[in-house]
There are 2 protein chains.
Amino acid sequence: MSEQLGAERADRPALTRGRIVDAAVRLVDEQGLAALSMRHLGAELGVEAMALYRHINGREDLLEAMVDALTSRLHLTDDWDLGPEDGWQAYLQKLAHTVRELAYDHPELFPLLVTRHPAAPWLRPPLRSLEVVEDFLTALTGRGFSDDQAVAAYRTFSSFLIGQLLLAVAQRGSIAMAGEEVLDEGGASSPNTTTSLDDFPLVKRLEGKLSEDHADEEFERTLEDLLERIDAEVSR
Amino acid sequence: MSEQLGAERADRPALTRGRIVDAAVRLVDEQGLAALSMRHLGAELGVEAMALYRHINGREDLLEAMVDALTSRLHLTDDWDLGPEDGWQAYLQKLAHTVRELAYDHPELFPLLVTRHPAAPWLRPPLRSLEVVEDFLTALTGRGFSDDQAVAAYRTFSSFLIGQLLLAVAQRGSIAMAGEEVLDEGGASSPNTTTSLDDFPLVKRLEGKLSEDHADEEFERTLEDLLERIDAEVSR
DNA sequence: ACCTGAACACCGTTCAAGT
DNA sequence: ACCTGAACACCGTTCAAGT
């Protein structure tokens, strides 16, 4: 009698594009980008790799879908609880911190997000999506920005987010290694040319300061700076 | 008699780590990152893939070496003709523009450069190398910066370069596509949910402005801003 | 309708064997 | 000493075949 119900085998929920993409994001979060193969992902979903091709147009399409899934989190929704009475600063603050959350939640995927071309070439990472950019422009032009000012702010803001967050994520990613050792340059170099910190006195002296992680304070400070510069531009 | 001369067969120059890395960079520049495989690279050098493993510790090592080869271009040399009489602004200007050249010359590789962890975790992309960071700190502390100010400038400067140049490179990369068409979101979505620009009136109206390429002017303007802010910090 | 087995053309990498 | 052939374990992807 249950033969009409179709594909759901016992415990397995139906295979959908959404479930595949979610599983892929989880897999990369837990095991890194290198662990993402169709076969491995299939196994994670209790299915052979070939079954994925019903829902996904190959690996590139999967990566694109993963990036889109993450980006959609930046879409302005009710629980941002921003009214029109809140200034554009409140919106940009909220947006900046949401992108930062995204980067911190998915450090393995964030580089992909800022590195892959969006489908529409004039959309820039990391906002990328038509929805999010529409939100951005609406929020700003609705609060007194001219078209040109809104577009200029979009550029500046994108560049700020990429620079700050890519560095922050890279820094966090490399905390696994111990602080003391400097790797030698590639296994095939002769041992007498091995690099030592002693050849770089200033780096050696400032190693402590260089390795301090001030990413969060710096993010806030630079964001404030940015908002002030935009403000100066707008109220001129 | 020539048997003592060893490996050089007829026209082939000797296989060295340097030649391999150079060939790999050229290959990626011409055919893209996806075309870089050990077998393909070997063929380019007139050799089987396995021969590369004499000089290179696997694929990861090769990528690292390529990035290092590019980064070494940023090392301060005589032909930068900067004397101690030139201010730190001159050095930062020269450095910024050299990094930009690097990004523009190797758009396929630049994302790798800013995305891969440097061997020493407190070195940040895109400067990455002990040599270059030593240059940076020497140039600034030699011109009146305190240790803290030099380190702070290093952070700010890195973040600026990454944000600006990653966007510029991504923008240039996507000029291949025609301006009119917006791709649909993944092949498996039902045709009635296909996205249209009409759903995003502001993006549609500002598409022209959004797609204008002002990367170079913006780079200069933001760099000036940055130098001014650093100057204010230093001469306080 | 949805999934699988088998196959194809490609990977990176190792190692014994050739010269 | 330097390179290669053959092999291994893995890829992405296609397609006829199974249920």
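A note on names: the letters A, B, ... follow the listed sequences, proteins ahead of strands, and every chain is numbered from 1.
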Could you tell me how far apart [X] ([atom1]) and [N] ([atom2]) are, to the nearest whole angstrom?
X     : N      : atom1 : atom2 : result
B/H55 : D/dA1  : NE2   : P     : 13 Å
A/E48 : C/dT4  : CD    : P     : 5 Å
B/R19 : D/dC2  : CZ    : C1'   : 14 Å
B/D61 : C/dG12 : CG    : C1'   : 14 Å
B/I20 : D/dC3  : CD1   : C1'   : 12 Å
A/L45 : C/dC3  : CG    : P     : 11 Å

- request: Report the residues that fulfil side chain to side chain contact (heavy atoms under 4.5 Å, CB included) with B/D105, sequence neighbours left out, ordered by chain and then residue number.
  value: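 Partners of B/D105 by the side chain to side chain contact (heavy atoms under 4.5 Å, CB included) criterion, ordered by chain and then number, come out as B/R73.
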
task: Taking side chain to side chain contact (heavy atoms under 4.5 Å, CB included) as the test, write out the residues that go with B/A150, two or more places apart.
output: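 Partners of B/A150 by the side chain to side chain contact (heavy atoms under 4.5 Å, CB included) criterion, ordered by chain and then number, come out as B/L137, B/L140, B/T141, B/F145.
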
query: When the ring planes of A/Y91 and A/F136 are compared, do they come out parallel, tilted or perpendicular, using 30° and 60° as the limits?
result: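 Answer is perpendicular, since the angle exceeds 60°.
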
field: Check: A/Y53/A/D61 side-chain N/O donor and acceptor closer than 3.5 Å
entry: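 Result is no, nothing qualifies.
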
message: Holding to side-chain hydrogen bond (donor to acceptor under 3.5 Å, both in side chains), I want the full list of residues that pass it with B/H75, two or more places apart in sequence or in another chain.
response: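 side-chain hydrogen bond (donor to acceptor under 3.5 Å, both in side chains) check on B/H75 returns B/D135.
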
task: Indicate the atoms forming the closest heavy-atom contact of A/S158 with B/L167, along with that distance.
output: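 A/S158 and B/L167 have their closest heavy atoms at CB-CD1, 3.8 Å.
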
message: Taking the minimum atom-to-atom distance to the side chain of A/R54, which one of C/dG12, D/dC2, C/dC2 wins?
response: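 Side chain of A/R54 sits closest to C/dC2.
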
query: What pairs meet the salt bridge (charged side-chain N to carboxylate O under 4.0 Å, His left out) rule with one or both residues in residues 35-53 of chain B, with sequence neighbours excluded?
result: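 Qualifying pairs, neighbours excluded: none.
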
Set out, line by line, the N/O atom pairs under 3.5 Å between protein and nucleotides 13-15 of chain C.
unit_1, atom_1, unit_2, atom_2, d
C/dT13, OP2, B/Y53, OH, 2.9
C/dT13, OP2, B/R59, N, 2.8
C/dT13, O5', B/Y53, OH, 3.4

task: Pull out every stem in DNA chain D, meaning runs of 3 or more consecutive Watson-Crick or G-U wobble pairs with both distances under 3.5 Å.
output: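 C:4-8 with D:12-16, C:12-16 with D:4-8 - these are the stems of 3 or more pairs that involve DNA chain D.
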
- prompt: Does the side chain of A/L41 reach to within under 4.5 Å of the side chain of A/L62, using non-hydrogen atoms?
  reply: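 A/L41 reaches A/L62 side chain to side chain.
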
